[in-house]
Amino acid sequence: MEYLAYGAFFLTVAMTYSIICLGLNVQWGQTGLFNVGVAAFVGVGAYTSALLTTPETAERVGGFGLPIAVGWIGAALVSAAVSFLVGALTIRMRADYLAITTFGIAIALQLCFQNLEPLTGGVFGVGFIPRAFAGVQGDAILFNLLNLALAGALVLAIYLLLEHLMRAPWGRVLRAVREDETAAQSLGKNPTALRLQAFVLGGGIMGLAGGVQAHFVGFIAPANYLPMMTFQVWAMLIVGGSGNNRGAILGAVLVWAIWALSGSLISEVFPADQQARAASLQIVIIGVMLCLILLWRPQGLLPERASVSKHLGNRHDT
Amino acid sequence: MNPQAIIDGLIAGSTIGLGAIGLTLTYSILRFANFTHGDFLAWGAYLTLTVSGFLGGLLAGLGAGAPLAPFSFGWGLPVALPAGVAVTILLTLGLDRVLFGQLRQRGADAIIIVMASFGASMALRSLLEFIYSSEPQYFTRELQIAQKIGLGMRATPDQLLTIAMTALLVVLLHIVVTRTPTGRAMRAVSENPSLAGVYGVDVDHVIRVTWIIGAGLACVAGVMSGLLVQIRPYMGFDLLLPLFAAAILGGIGSIPGAMIGGLIIGLAEAFTVQLIGAEWRAAVAFVVLVLVLLVRPAGLFGRAA
């Protein structure tokens with residue numbers, strides 16, 4: 001029975017990563033935008049949701065005690081707003097400027113999480129974040145299963161929404177911009193505006209994921225949103241298959257499994273005093289895997305499928 | 001305002017500038033933003049430390065292990081530095097052969113190469129942590145007293161040495177790039193690689209030279225930072241954003257620009273530490289980067305993209 005509880009816990013975390021990965025897929029997979037600050041957008045969502053939903057405390061600003069759902073919506077909105085600012089600044093320039101700027105905002109926001117103590121609780125972070133189904137917390141299996149169902153339902157909802165968007169004209173123009181900007185422009189499309197929309201949508205989804213994660217774990221701290229997380233999410237998307245929403249989800253579960261397994265393997269193999277150091281091998285494994293996939297199977301496990309307008313499809317059928 | 005911030009900024013800026021030169025060269029000649037460059041600094045410092053630790057024992061046996069007055073280090077470090085530079089160069093050339101070169105050959109998008117560099121940087125940094133652990137290490141345990149150098153500023157002999165060494169390297173490099181056939185070839189490739197190739201420029205040779213210069217300077221910058229501060233697996237990662245900001249501020253491809261950009265970032269950081277507080281130091285490079293992108297995206301000495 002312990003395994004069941006752990007399995008549900010593991011999958012719930014994997015589901016929250018799937019949401020981040022789906023957000024990144026909108027930015028990278030569909031639009032070709034390289035965001036190196038994923039962790040910061042997730043973190044903004046987590047802190048926003050925590051601020052909105054925790055009970056009022058003396059040490060920090062707020063604690064507004066709002067329902068969890070409100071926190072999640074706030075998380076998505078604030079993270080989308082930050083994405084808009086970053087995108088508006090860099091999206092017109094060459095692609096790697098966005099990479100460098102998002103890398104920079106991740107560092108700047110990390111500092112804000114650490115130093116803006118009245119808002120974020122400083123290095124100790126925010127605790128007592130209300131958890132969904134807190135009423136059944138005593139029953140580990142039921143609690144974890146209910147949370148898994150909720151996270152799974154969210155992943156499914158976002159997946160369906162994104163699949164719909166990507167098959168809609170908006171998604172097709174997005175890919176047209178990605179493949180050939182000049183051609184898209186000559187058809188009267190505005191590449192900058194489209195890219196910015198995709199960047200903001202992706203950032204909002206990442207923020208939502210941050211909120212979901214924060215309420216599942218019940219506690220957040222600046223150390224949760226290090227570049228490591230960005231790196232994990234990238235590995236997930238590239239392994240799963242960028243441009244493919246199912247690939248994003250598969251990659252998240254798979255890489256998270258590799259991460260957890262390599263972690264427990266290392267704790268088995270290395271003596272206790274060497275474990276902190278050996279844990280860095282986990283990152284080496286993921287880093288090498290990312291490079292190998294880029295070299296040998298850049299399309300990932302589930303490659304992008306060609307998506308054609310359903311109207312066009314009908315015409316061929318008849 | 002304390003004038004000490006000026007000399008502190010110049011010292012930190014020397015390291016950033018040297019690192020940024022390599023970054024700006026790979027950016028303009030290989031055409032991608034190399035996220036592993038910071039880790040070249042860290043690897044350079046650790047490799048030099050390993051060699052100098054070995055030599056230090058050897059020299060102490062010969063009775064030559066004492067510090068070289070007025071500096072804090074003995075003969076081990078200056079002798080180890082060329083070896084560290086050589087191994088760092090081998091590391092980058094090896095990485096280019098197994099990763100970046102492969103991707104180039106397959107005609108991968110620049111942004112895919114950036115992503116590969118991001119993955120490689122995580123792996124390289126964690127490997128350092130695994131080999132050397134995350135405990136900070138030092139080239140020397142000697143203490144140095146900062147001496148008055150006029151205008152109310154103080155600096156240690158080590159610090160003044162790093163400034164002098166930076167100036168020397170930048171002048172040498174400037175001569176190489178502006179006066180030698182290799183330098184001309186480098187500029188040609190950064191203008192237009194395929195046209196340069198058509199004109200008989202050996203593009204592969206230029207790429208190798210670019211890595212050699214970038215890695216060599218990265219190693220020196222890493223050793224300087226390790227000598228003045230400390231050696232940690234994350235030292236290169238922490239410098240990466242200042243390096244990028246300096247390269248973009250100076251204008252991509254401009255060697256004097258990268259150096260001046262580095263000095264400006266160093267000064268801005270030193271004044272921030274003094275006026276606002278040390279906890280915000282790491283955000284300075286980001287603020288400068290945003291300002292440059294808003295006001296003059298091509299940088300001080302760059303041409304409009």
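Being a predicted model, the structure only gives us computed values, none of them experimental. Throughout, protein chains are lettered first and strands after them, A, B, ... in sequence-line order, and every chain is numbered starting at 1.
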Proximity breakdown for [X] and chain A, heavy-atom pairs closer than 4.5 Å:
X	value
B/I131	backbone
B/F35	side chain
B/L127	both
B/R106	side chain

Pairs of heavy atoms under 4.5 Å with chain A: top-ranked of B/V287, B/L124, B/L103, B/I248: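 The answer is B/I248.
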
For chain A, the option from B/A108, B/S133, B/A116 that forms the most heavy-atom pairs under 4.5 Å: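 With the most close heavy-atom pairs to chain A, the winner is B/S133.
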
Tell me, do [X] and [Y] make a side-chain contact under 4.5 Å, heavy atoms counted?
X	Y	result
B/M122	A/I286	no
B/F130	A/V284	no
B/I112	A/F34	no

Atom CZ of A/F124 with >12 non-hydrogen neighbours under 6.0 angstrom: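 No, CZ of A/F124 has 12 or fewer neighbouring heavy atoms, counting only those of other groups under 6.0 Å.
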
Enclosure of B/E135 CD (heavy-atom neighbours >12, cutoff 6.0 Å):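 Check fails, neighbour count at 12 or below.
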
B/S134 backbone acceptor or donor facing A/R277 side chain under 3.5 Å: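 No; zero donor-acceptor contacts below 3.5 Å.
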
Backbone N/O of B/E279 and side chain of A/N115: donor-acceptor pair under 3.5 Å: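 Here the side-chain-to-backbone pair exists.
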
For A/F103, the option from B/F118, B/F237, B/F286 that meets ring-ring contact (aromatic ring centres under 6.0 Å, His included):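 One option only clears the test, and that one is B/F237.
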
Residue [X] versus chain B: region with a heavy atom under 4.5 Å:
X	result
A/I293	neither
A/L295	both
A/W296	both
A/P227	both

Euclidean distance, B/L95 CG relative to A/C291 SG, rounded to 0.5 Å: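 Nearest 0.5 Å value for the SG-CG distance: 7.5 Å.
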
CG on A/L281 to CD on B/E129, rounded to 0.5 Å: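 Taking CD in B/E129 and CG in A/L281, the distance rounds to 10.0 Å.
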
